[in-house]
Amino acid sequence: MCKDLMVVFLGAPGAGKGTQSDVIADKMSMAHLSSGDLFRKAVARGDELGKIVESYMKSGALVPDEITTKTVLTHMNNEGIRRAILDGFPRTISQAESLDKALEADGRKLDAVILIDVPDEELIRRLASRWVCRECQTPYNYPDGPQGARCKCGGELFQRADDKRETVANRLDVYQKNTAPLIEYYEKQGKLIRVSGVGDITEISHRITDALVEL
Ligand code: AP5
């Protein structure tokens, strides 16, 4: 049985957190817990949570801390998750403190935070050309649209509502204001590992795996 391992993937929208989480989770037998995916599923179901979070997501704003923390921590508990990549959570100091407290109360801790670093021009380019599978959420990069291409699982590809240019600008501002302070928060805890997120996807996965096998 694999040992407990909790890792956060931190980075701006479009940095490749979701892409790398899928690859590394598979390689290292970890769960991939994406707060954005939990919320998108709730919106698709049209349940109470989905109705609350939809307008925040459409505008690129953060869902309030209390709702986000409760959603993610409840999911972690219900699924008995002890070895996972947290993709997109935490995103504020308050969420990070709640996560630290929840793990500590269970006699656990966060092992590492991988900061995936990508310049803004590249982030904007990637988000404008991102297409996502409706079935399995795998992201693809098609600058000229998918032109009939489908996901490797056969699913249809669509463009996320929050990948519109105005919303992307807002998401990048929100990242700088609310999420970038986490870099210092985790640096102080000695948990931050910076990885360049520019280059080939496989090359970046190797950089991350090399950092994680040391843990
Ligand atoms: P969320 O789903 O978490 O979105 P995000 O952080 O904005 O992240 P993205 O999914 O846009 O980017 P990514 O870093 O995963 O990049 P990806 O791998 O897809 O959150 C959505 C919304 O939910 C938020 O705005 C907020 O409203 C709410 N929310 C979620 N969590 C919350 C929280 N904790 N608190 C409050 N609110 C929360 O890659 C992007 C594109 O680039 C893809 O097309 C991909 O194919 C391509 N790509 C990836 N790597 C490379 C590479 N190396 N080279 C070229 N292209 C690449």
Side-chain angles (χ1 to χ4, degrees), residues 5-26 30-44 49-50 52-76 79 81 83-100 102-103 110-118 120 123-124 126-127 130 132-133 136-139 160-163 167-168 170-183 185-186 191-195 197 201 204-205 208 212:
L5 183 63
M6 296 300 285
V7 178
V8 167
F9 279 11
L10 186 64
K17 302 182 296 295
T19 303
Q20 292 300 332
S21 295
D22 278 342
V23 177
I24 308 288
D26 200 40
M30 300 170 82
H32 171 193
L33 202 178
S34 156
S35 45
D37 283 350
L38 289 182
F39 290 149
R40 274 184 290 278
K41 281 180 190 156
V43 172
L49 174 65
I52 296 170
V53 303
E54 190 169 17
S55 61
Y56 293 102
M57 296 180 80
K58 268 200 178 138
S59 69
L62 292 183
V63 173
D65 285 336
E66 205 182 320
I67 299 171
T68 303
T69 301
K70 187 172 167 214
T71 303
V72 175
L73 295 182
T74 303
H75 181 83
M76 258 169 63
E79 300 293 317
I81 290 176
R83 185 175 167 86
I85 296 170
L86 303 181
D87 159 13
F89 177 88
R91 241 174 167 97
T92 64
I93 298 281
S94 158
Q95 292 177 19
E97 288 171 347
S98 300
L99 175 65
D100 283 346
L103 291 173
L110 188 63
D111 294 282
V113 177
I114 302 284
L115 172 64
I116 307 180
D117 228 351
V118 175
D120 276 7
L123 297 171
I124 293 165
R126 285 184 191 177
L127 294 175
R130 170 166 59 183
V132 184
C133 174
C136 70
Q137 315 305 321
T138 299
R160 268 170 50 174
D162 60 351
D163 280 347
T167 314
V168 165
N170 189 33
R171 284 162 69 200
L172 292 175
D173 283 350
V174 167
Y175 173 79
Q176 282 309 329
K177 187 162 163 254
N178 298 288
T179 308
L182 286 179
I183 296 172
Y185 178 87
Y186 286 124
K191 290 184 179 161
L192 193 86
I193 301 169
R194 284 174 192 265
V195 170
I201 290 173
I204 299 164
S205 308
I208 298 175
L212 292 181

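Throughout, numbering of the chain's residues begins at 1 and tracks the sequence.
You'll find the side chain of Leu38 stays beyond 4.5 Å of the side chain of Leu49, heavy atoms only. Looking only at side-chain heavy atoms (C-beta outward), Arg194 and Ile183 come within less than 4.5 Å of each other. Inter-residue side-chain proximity for Ile81 and His75 is flagged as met; some heavy-atom pair is nearer than 4.5 Å. Side-chain atoms of Leu10 and Leu182, non-hydrogen and from C-beta on, do get closer than 4.5 Å to each other. Counting only heavy atoms from C-beta outward, the side chains of Val53 and Thr71 never approach each other to under 4.5 Å. Taking the side chain as every heavy atom from C-beta outward, Ile116 and Phe9 approach each other to under 4.5 Å. By the 4.5 Å heavy-atom criterion applied to side chains, Leu73 and Leu99 are counted as neighbours. Side-chain contact between Val168 and Pro13 is absent, with no heavy atoms from C-beta onward closer than 4.5 Å.
In this structure, Asn170 and Ala61 approach most closely via the heavy-atom pair ND2-N, 4.1 Å. Pairing each heavy atom of Pro90 with each of Ala96, the nearest pair is CB-N, 3.5 Å. Across every non-hydrogen atom of Thr167 and Gly60, the tightest pair is CG2-N, 3.7 Å. Residues Val118 and Arg126 share a closest heavy-atom pair of CG2-NH1, 4.0 Å. Shortest non-hydrogen contact noted between Val63 and Met57 is CG2-CG, 4.4 Å. The heavy-atom pair separating Ile93 from Pro181 by the smallest distance is CD1-O, 3.9 Å.
Between the CD atom of Gln95 and the CG atom of Leu86 there is a distance of 11.0 Å, given to the nearest 0.5 Å. Here the CG-CG distance, from Asp163 to Leu127, works out to 5.0 Å after rounding to the nearest 0.5 Å. Distance check: Ser35 OG to Ile67 CD1 gives 13.0 Å after rounding to the nearest 0.5 Å. From Leu123, atom CG reaches atom CZ of Arg171 across 10.0 Å, with rounding to the nearest 0.5 Å. Between the CE atom of Met76 and the CZ atom of Phe89 there is a distance of 8.0 Å, given to the nearest 0.5 Å. Atoms CD1 and NZ, on Ile114 and Lys17 in that order, are 13.5 Å from each other to the nearest 0.5 Å.
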Test side-chain contact (heavy atoms from CB on, under 4.5 Å) applied to Thr68 and Phe39, step by step: CA-CA 9 Å; Thr68 303; Phe39 290 149; 3.7 Å; yes
side-chain contact (heavy atoms from CB on, under 4.5 Å) evaluation trace for Leu115 with Tyr186: CA-CA 10 Å; Leu115 172 64; Tyr186 286 124; over 6 Å; no
side-chain contact (heavy atoms from CB on, under 4.5 Å) assessment of Asp22 paired with His32: CA-CA 7 Å; Asp22 278 342; His32 171 193; 2.9 Å; yes
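The neighbour count for Glu66 CD, taken as heavy atoms of other residues, nucleotides or ligands under 6.0 Å away, does not exceed 12.
No salt bridge links Asp111 with Arg83; every basic N to acidic carboxylate O contact stays at or beyond 4.0 Å.
Judged by distance alone, the side chain of Thr179 and the main-chain N or O of Arg91 form a donor-acceptor pair under 3.5 Å.
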